[in-house]
Structure formats: structure tokens, C-alpha cells
Amino acid sequence: MPELPEVETTCRGLRPRVVDRLIAAVHVREHRLRWPVPRHLGRTIRGTRIRAVDRRAKYLLLGTDVGTLILHLGMSGSLHVVAADSPAGKYDHFEIVFSDGNCLRLRDPRRFGCVLWTTKDPASHPLLSALGPEPLSGALTGGYLYARSRGRRVSVKSFIMNSDIVTGIGNIYANEALFTAGIHPQRRAGQVSLQRYTRLADSIKATLEQAIRAGGTTLRDFSSEDGKPGYFQLQLRVYGREGALCPRCQGGIRRRMVAQRSSYFCPQCQR
DNA sequence: ACTGGCTCCTGAGGGC
DNA sequence: TGCCCTCAGGAGCCAG
């Protein structure tokens, strides 16, 4: 489900509702997420407070007085702040109960998400330490993508979805950004010019910024922490639109599997 | 060092 | 109604 805009939307929504709240209890109904939820978590963080909510790539970092929770929403995860006495659903695997009567609940039907713990700088955690730059930072430039891609034969779409290269870009926004930049998703990463990578870097930033402004994309079930859906699906130009007309040339949008993921593109506009 | 393919898991939707 | 298939917003891991 969530790519960078959805995680950022969740992060911003969460912040005012959990920062400085006292942790009264932790409930783990299902330990079997992508990695087991640490057994000691309740004992460790009870009685402390959430001090910060940050995002790195698609990870959410909840800083407490004694360490940092590292959360990932996987494909189907979402976080909501609800009344602590509201009934938990079948897929509400994890929750932090606060002394203000609310709780932060993780729902994740597919269980590809995770809840991990570190007492060190989270940036040095093995899952985070090798990540590439944030796409909305000044570090993502055409020159950077060009330099990293020389000699690489993977498709440019796989290349920009690789979090070692640049973080946060999933299948929806990869398709959208490549359309905007006029680059065919199957073109080899090493065969894209500097000029075109400059356009692509701009397209990635613009696409993600627009999506954040719209509150993310809701295809099936994404909703922000307060339960509101995103609206960027109304602005999607190619994703999920096989057979529809290209908004630029009125040709037909095609769908093809690229590296096991559905890719949508206009064969006229994208080369 | 790269690359493609597989994997974890549940649910929705289509064809028969 | 049920069965079987494919696909779904991620990304770590493995063999070649």
C-alpha cells in the first residue's frame, strides 16, 4: 500500500496526536510480522513518552526516551490513533496505549510490515544504513542518478525503485514519474542520458510533492492516521489505466510486467 | 558488483 | 456456491 507520500501523510498526521504522550501499555496480538515483534517491548517503553515521529524512506521512526521504534507498513499496513477501548479487529496486530485514553494501532492484513526496536542511532540500523538519498532532498539530482546508473543494465524503472539508489519510490510513483519524464520503463538504466535523468529527478520530486499535497493515493484501503483517504488516485495519469487514453497524445496506455511489477506507460510518449 | 527470481501473507476479483 | 487462478501500494534474500 504505502509509498513515500502515504508514509509521509501518516507521519504528519501522527505527530500531533502521539508526541509527548505517556505510554501506558503495549499490546502485541500477533508477533509474526515480517520479523518477530520484540518480546521485551512492553517492559522497555512502558512509562516513557514518544518524543518524535520521523520518516526515513518508508520507515516510520518513533523516538522514545529510551530508544526508537522502527515501523514499516509493508504492502497493507496502516496506523491509526483511536480510542483505546474501541474494539480491535482481526488484523490489528500491535498497539501502544497512551495515558490520554487513545492508542496507536497498527493494522496489517498481509503482515509484510514490521515493528523493530533500537537503542542506537536508527540511521545505523542494518535496514537503514545502506539506503540512498531522500527523493525530496537536494541530494537527488539528475547528475546523481546518471553517475549511479553508468554500466547498469537493469530497467530504469527497477533502478529508481531500488532503495539503495533512491528511497520511497514504489510502483505507482515510478510509473507516474517515468511518464512525466517521457522515459520508457524498460529502458536500461545505463542508457539514459544526463539530460533525461535531470528531467526524471524533477518529475520524481514533482510527483511525490503533488501526492503528499493530496494526502497520498487510496486505491483499496489506504487511509491516514485519522481515517481519511488520499486523493492522488484522481490525478494518476498512467498507473492502473491500461487501455485508457494517454493524457498527452491520446494514444492507448499499455500495461506490461517489468521485473515482476505491473508497468503502465504510453509507447508513443515514453522512449 | 549486479541481476533476476522467489518469498513472506491475506484478500479481491474473474472465469468456469 | 465453490474452486482455481492472478494480481495487489514492499523489499530482503539467494543463487548464478
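The analysis underlying the following values was restricted to heavy atoms, covering all of them including side chains, and did not include hydrogens, waters or symmetry mates. All chains are named by letter (A, B, ...) in the order of the sequence lines, taking the proteins before the strands, and each is independently numbered beginning at 1.
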- Task: Starting from C1' on C:dG9, measure out to CD on A:Glu8 and report it in whole angstrom.
- Result: 17 Å
- Check whether the ring centres of A:His27 and A:Phe94 lie less than 6.0 Å apart, and answer yes or no. no
- Message: Other residues, nucleotides and ligands only: do more than 12 of their heavy atoms fall within 6.0 Å of CZ on A:Arg150?
- Response: yes
- Within the pair A:Arg261 and C:dG9, is there a side-chain N or O less than 4.0 Å away from OP1 or OP2? yes
- Message: Before we go on, tell me: are the rings of A:Tyr173 and A:Phe232 under 6.0 Å apart, centre to centre?
- Response: yes
- Quick one, give me the B/S/- string for nucleotides 3-8 of chain B, reading 5' to 3', where B means a protein heavy atom under 4.0 Å from the base and S means that only happens at the primed atoms, P, OP1 or OP2. SSB--B
- Task: Identify which nucleotide among C:dA8, C:dG10, C:dG12 has an atom closest to any side-chain atom of A:Trp35, counting heavy atoms from C-beta outward.
- Result: C:dG12
- Message: Check this one for me: any side-chain N or O of A:Tyr173 less than 4.0 Å away from OP1 or OP2 of C:dG9?
- Response: no
- Pairwise P distance for B:dA1 and C:dA11, with rounding to whole Å: 22 Å
- Between CD of A:Glu242 and P of C:dA8 the distance, given in whole Å, is 10 Å
- Message: Only Watson-Crick and G-U wobble pairs with both distances less than 3.5 Å should count. Give DNA chain B in dot-bracket notation, marking inter-strand partners with |.
- Response: .|||||||.|||||||
- Task: Report yes if a side-chain nitrogen or oxygen of A:Tyr59 is closer than 4.0 Å to either non-bridging phosphate oxygen (OP1 or OP2) of C:dG12; otherwise report no.
- Result: yes
- Query: Which residue lies toward the 5' end of DNA chain B, A:Arg150 or A:Pro109, if each is placed at its nearest nucleotide?
  - Reply: A:Arg150
- Message: Can you measure A:Leu33 atom CG to C:dA11 atom P for me and round it to whole angstrom units?
- Response: 15 Å
- Message: Restricting to side chain to side chain contact (heavy atoms under 4.5 Å, CB included), what partner residues turn up for A:Leu194, sequence neighbours left out?
- Response: A:Tyr146, A:Thr198
- Message: Quick check on C:dA8: is either OP1 or OP2 less than 4.0 Å from any side-chain nitrogen or oxygen of A:Ser262?
- Response: yes
- Query: Does A:His72 make a side-chain N or O approach to OP1 or OP2 of C:dG10 shorter than 4.0 Å?
  - Reply: no
- Message: Donor-acceptor pair, distance only, cut-off 3.5 Å: does the side chain of A:Thr167 make one with the backbone of A:Ser163?
- Response: no
- Query: In terms of heavy-atom contacts, does CD of A:Gln250 have more than 12 from other residues, nucleotides or ligands at under 6.0 Å?
  - Reply: yes
- Task: Give a yes or no answer on whether the side chain of A:Thr180 reaches the backbone of A:Glu176 with a donor-acceptor pair at less than 3.5 Å.
- Result: yes
- Item | Integer-rounded Å distance: C:dG12 P and A:Arg111 CZ | 19 Å
- Distance between P atoms of B:dG5 and C:dC7 (Å, rounded): 15 Å
- Message: Looking at A:Thr218 and A:Phe222, would you say the former's side chain and the latter's main chain have a donor-acceptor pair under 3.5 Å?
- Response: yes
- Item | Integer-rounded Å distance: C:dA11 C1' and A:His125 NE2 | 15 Å
- Message: Given A:Glu134, which partner from the list A:Lys205, A:Arg55, A:Lys58 fulfils the salt bridge (Lys or Arg N to Asp or Glu O under 4.0 Å) test?
- Response: A:Arg55
- Item | Between C:dG9 (C1') and A:Tyr264 (OH): distance, integer Å | 12 Å
- Relative to each other, are the rings of A:Trp117 and A:His40 parallel, tilted or perpendicular (30° and 60° limits)? perpendicular
- Task: Could you check how far CG of A:Asp108 sits from C1' of C:dG10, rounded to whole Å?
- Result: 11 Å
- Expressed in angstrom and rounded to an integer, what is the separation of A:Met161 atom CE from C:dG9 atom P? 8 Å
